[in-house]
Amino acid sequence: AELGVERRFVPESCPRAVRPGDFVRYHYLGAFPDGTRFDSSYDRGSTFNVFVGKGQLIAGMDQALVGMCVNERRFVKIPPKLAYGTEGVPGVIPPNAVLHFDVLLIDLWNLEDEVQVQTYFRPEKCPRTVQVSDFVRYHYNGTFLDGTLFDSSHNRMRTYDTYVGIGWLIPGMDQGLLGMCVGEKRIITIPPFLAYGEDGDGKKIPGQASLVFDVVLLDLHNPKDGIAIENQLVPESCERRSQTGDFLRYHYNGTLLDGTLFDSSYSRNHTYDTYVGKGYVIAGMDEGLLGVCTGEKRRIIIPPHLGYGEEGRGKIPGSAVLVFDIHVVDFHNPSDSVSITVHYKPSNCTVLSKKGDYLKYHYNASLLDGTLLDSTHSLGKTYNIVLGSGQVVLGMDMGLQDMCVGERRTVVIPPHLGYGEDGVEGEVPGSAVLVFDIELLELVAGLPEGYMFVWNGEVSPNLFEEIDQNHDGEVLLEEFSEYIQTQVDTGKGKLAPGFDFEKIVRNMFTNQDRDGNGKVTAEEFKLKDQEAKEEHDEL
């Protein structure tokens, strides 16, 4: 005689229950008291969709649905007076029939509903939130109110990428994404009239379905964005900042906005070396590397239209914002020359180093970032060279010019005057600017350019005869060497300092042995000034 309602399953969470005026979607089995089934929504493969309390249902069902939760199951006994009464439904339900319904509520919404947003994780730092016309990349799981999964970007292993607020999304998602931070996680519940409405999407989403999206925002930018720079460390001393055309060496970690690492120069143990402002790197990095100091650390945030665009590259997905944390190791310009800074010069600085002088000096060699490469102090001995003879890199030959004994200076050498693009394997990186702190300890004056031996006095008019000790008219290397050694030992002559005696003598002898037969005759033998005079006369 009365309506009977048995709650056979009630979910633990019931944020909302059916009220008159709500729209519901439910499955049911309809049977008579003897168990004979007269109807089933399951057999039709679709839920029964209807407003509650508006006379669209039999009175008993209108009452029985009130208070139900999504996923709740009820067994309902409806007397004839609250069902089809004395008339029944011809061919289906006899007059005065008691009806039993096994009901499972699938969905519930109201025409006054709005998009519901529940944020369950929000990063501590949120410098920017989603606004209309922003482009976002996010992952989501899409379910119905009863928890049934209908779609997931995670399963496709690809984010959903779209503009917000310009009609590319269903209206409810357009609203639900607004105000999100990168890294934020939220649940967006959307009523059907802000989703796919009465018709559904024609695939997996039925008509009049409420949708629940569990969303995590991975990326966010606007097409009008430029790069963003965050200075993390700027050295107190910054004498020079990078400009277009400079060549930079820097380390970096490259991540996506959500922190996912896609590349790192540190992992390769090698700096990234490139020209700036010449199109060798992506446009955003070209811009972000301008104005940096050696030793500076900065974060460069690059929108995709200044990065790798819609297509992406390698581990970088399409339309991704890139974050580069860089550390500038050094930079130079191809037009740079050697830079010399004198720290100390003795008051009696009268003799200055020149090409051909033999120098002894101490040095500390480092990179621009201060990394020590080498030091003569640690070896406990000086470095000794003949200036201008190619025994050191060209920049050092230039940096040691016009220096006096006791002077201390810093010489900065760009790579094209140092070890070039290749560097020295295991010692000096390629394209590295070098810094030498130098102290000159000893200077032995060299000979005039082009001379390996000079006389300290008058030259004997019978020089060939003196060298030709056995007077056979021919001078062998041994005779020549013995004679030069005697002149040096007695102070009558001087060899160019810093070179091997035997190599100098052999070179001098070869110059005199004009026919290359290993003997010098009186006709071949000429002093340097005689050679110059003959060449002048010929001219």
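Computed from a predicted model, the values in this text were never measured in an experiment.
Using a distance-only test at 3.5 Å, with no hydrogens or angles considered, a donor-acceptor pair links the side chain of Ser375 to the main chain of His377. The main-chain N or O of Ser264 is never found under 3.5 Å from a side-chain atom of Asn253 such that the two would form a donor-acceptor pair. A donor-acceptor pair is defined here as one N or O able to donate and one able to accept, closer than 3.5 Å; no such pair exists between the side chain of Thr376 and the backbone of Thr382. Between the side chain of Gln391 and the main chain of Val386, a donor-acceptor pair closer than 3.5 Å is present. Judged by distance alone, with hydrogens and angles left aside, the side-chain atoms of Ser242 form a donor-acceptor pair with the main-chain N or O of Gly291 at under 3.5 Å. Between the side chain of Arg186 and the main chain of Gly176, a donor-acceptor pair closer than 3.5 Å is present. Within the 3.5 Å criterion, the main-chain N or O of Arg249 finds no donor-acceptor partner in the side chain of Ser431. Asp357 places no side-chain N or O within 3.5 Å of a backbone atom of Leu359 that could act as its donor or acceptor partner. Proximity of a side-chain donor or acceptor of Asp397 to a complementary backbone N or O of Gly388 within less than 3.5 Å is detected. Between the side chain of Asp286 and the backbone N or O of Gly279, at least one donor-acceptor pair lies under 3.5 Å.
A cation-pi arrangement is absent between Arg73 and Phe9, since the terminal nitrogen or guanidinium carbon is not both under 6.0 Å from the aromatic centre and inside a 45° cone about the axis. A cation-pi arrangement is absent between Lys278 and Tyr275 under the rule of less than 6.0 angstrom and at most 45 degrees off the ring axis.
Note: Asn71 CG to Asp146 CG = 5.0 Å, rounded to the nearest 0.5 Å. How far CG of Asp22 is from CE of Met68: 13.0 Å, rounded to the nearest 0.5 Å. Remark: His100 NE2 to Glu6 CD distance equals 10.5 Å, nearest 0.5 Å. The distance from the OG1 atom of Thr244 to the CD atom of Glu287 is 10.5 Å, given to the nearest 0.5 Å. Here the CZ atom belonging to Arg19 is positioned 6.5 Å from the CG atom belonging to Asn110, to the nearest 0.5 angstrom. From Tyr361, atom OH reaches atom OG of Ser353 across 11.0 Å, with rounding to the nearest 0.5 Å.
Ring-centre distance between His327 and His251: not below the 6.0 Å cut-off.
Counted within 6.0 Å of NZ on Lys315, heavy atoms from surrounding residues, nucleotides or ligands total 12 or fewer; the atom is thus considered open. Enclosure of atom CD in Gln232 by more than 12 non-hydrogen atoms of other residues, nucleotides or ligands within 6.0 angstrom is indicated. Atom NZ of Lys297 is surrounded by 12 or fewer heavy atoms from other residues, nucleotides or ligands within 6.0 Å. In this structure, Arg158 places its CZ atom where only 12 or fewer heavy-atom neighbours from other residues, nucleotides or ligands lie under 6.0 Å away. Other residues, nucleotides and ligands contribute more than 12 heavy atoms inside 6.0 Å of the CG atom of Asn231. When the shell of 6.0 Å around CZ of Arg240 is examined, it contains more than 12 heavy atoms from other residues, nucleotides or ligands. Surrounding CD of Glu421 are at most 12 heavy atoms belonging to other residues, nucleotides or ligands under 6.0 Å away. Summarising the local packing, OH of Tyr280 is surrounded by 12 or fewer heavy atoms from other residues, nucleotides or ligands at distances under 6.0 Å.
Val412 places none of its side-chain heavy atoms less than 4.5 Å from the side chain of Asp336. No side-chain heavy atom of Asp107 sits less than 4.5 Å from a side-chain heavy atom of Gln208. With contacts defined as side-chain heavy-atom distances shorter than 4.5 Å, the pair Val292/Val276 does not qualify. For the pair His343 and Thr410, the minimum side-chain heavy-atom distance is below 4.5 Å. When side chains are defined from C-beta on, Leu194 counts as touching Pro171, because their heavy atoms get closer than 4.5 Å. Counting heavy atoms from C-beta on, the side chains of Leu145 and Arg25 never come closer than 4.5 Å. The shortest side-chain heavy-atom distance between Ile188 and Tyr140 does not fall under the 4.5 Å cut-off.
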Before you tell me yes or no, could you show the steps for Asp113 and Arg16 under side chain to side chain contact (heavy atoms under 4.5 Å, CB included), namely the whole-Å CA-CA distance, both residues' side-chain angles and the distance that decides it to 0.1 Å? CA-CA 12 Å; Asp113 285 350; Arg16 179 176 185 176; 2.8 Å; yes
Please step through side chain to side chain contact (heavy atoms under 4.5 Å, CB included) for the pair Met61 and Phe48, ending with a clear verdict. CA-CA 12 Å; Met61 187 61 80; Phe48 191 79; over 6 Å; no
Does the pair Thr255 and Leu261 meet the rule for a side chain to side chain contact (heavy atoms under 4.5 Å, CB included), with working shown? CA-CA 4 Å; Thr255 63; Leu261 182 73; 3.9 Å; yes
Output, in order, the C-alpha distance, side-chain angles, deciding distance and verdict of side-chain hydrogen bond (donor to acceptor under 3.5 Å, both in side chains) for Asp330 and Thr294. CA-CA 5 Å; Asp330 76 21; Thr294 295; over 6 Å; no
Let me see the working for Asp151 and Arg156 under salt bridge (charged side-chain N to carboxylate O under 4.0 Å, His left out), right down to the final yes or no. CA-CA 9 Å; Asp151 192 17; Arg156 294 190 295 274; 2.6 Å; yes
Is there a side chain to side chain contact (heavy atoms under 4.5 Å, CB included) between Val24 and Val50 once you walk through the steps? CA-CA 6 Å; Val24 295; Val50 68; 4.0 Å; yes
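Between His27 and Tyr42, the ring planes lie parallel to each other; the angle is under 30°, not in the 30° to 60° tilted range. Classification of the Phe23-Phe51 ring pair by plane angle, with boundaries at 30° and 60°, yields perpendicular. Between Tyr160 and Tyr138, the two ring planes are tilted [angle within 30° to 60°].
Checking each of Leu387, Val338, Ile413, Leu434 against Met396 for a side chain to side chain contact (heavy atoms under 4.5 Å, CB included) leaves exactly one that passes, namely Ile413. Test Trp109, Phe150, Tyr196, Phe213 against Phe144 for ring pair (Phe, Tyr, Trp, His ring centres under 6.0 Å) and you get one pass: Phe150.
Taking both residues in full, the closest heavy atoms of Leu257 and Asp219 are given as CD1-OD1, 3.3 Å, listed atom of the first, atom of the second, then distance. Scanning all heavy atoms of the two residues, the minimum distance from Ser153 to His139 falls at OG-ND1, 2.7 Å.
Note on residues 123-134: pairs passing side chain to side chain donor-acceptor pair (under 3.5 Å), not counting sequence neighbours, are Arg128-Asp225, Thr129-Gln131, Ser133-Asn222, Asp134-Asn222.
Annotation: ring pair (Phe, Tyr, Trp, His ring centres under 6.0 Å) contacts of Phe331 (sequence neighbours excluded): none. For the ring pair (Phe, Tyr, Trp, His ring centres under 6.0 Å) test, residues two or more places apart in sequence or in another chain that qualify with Phe38 are Phe32, Phe101.
Checking Asn333 against Asp246 by side-chain atom types alone, a donor-acceptor pair falls below 3.5 Å.
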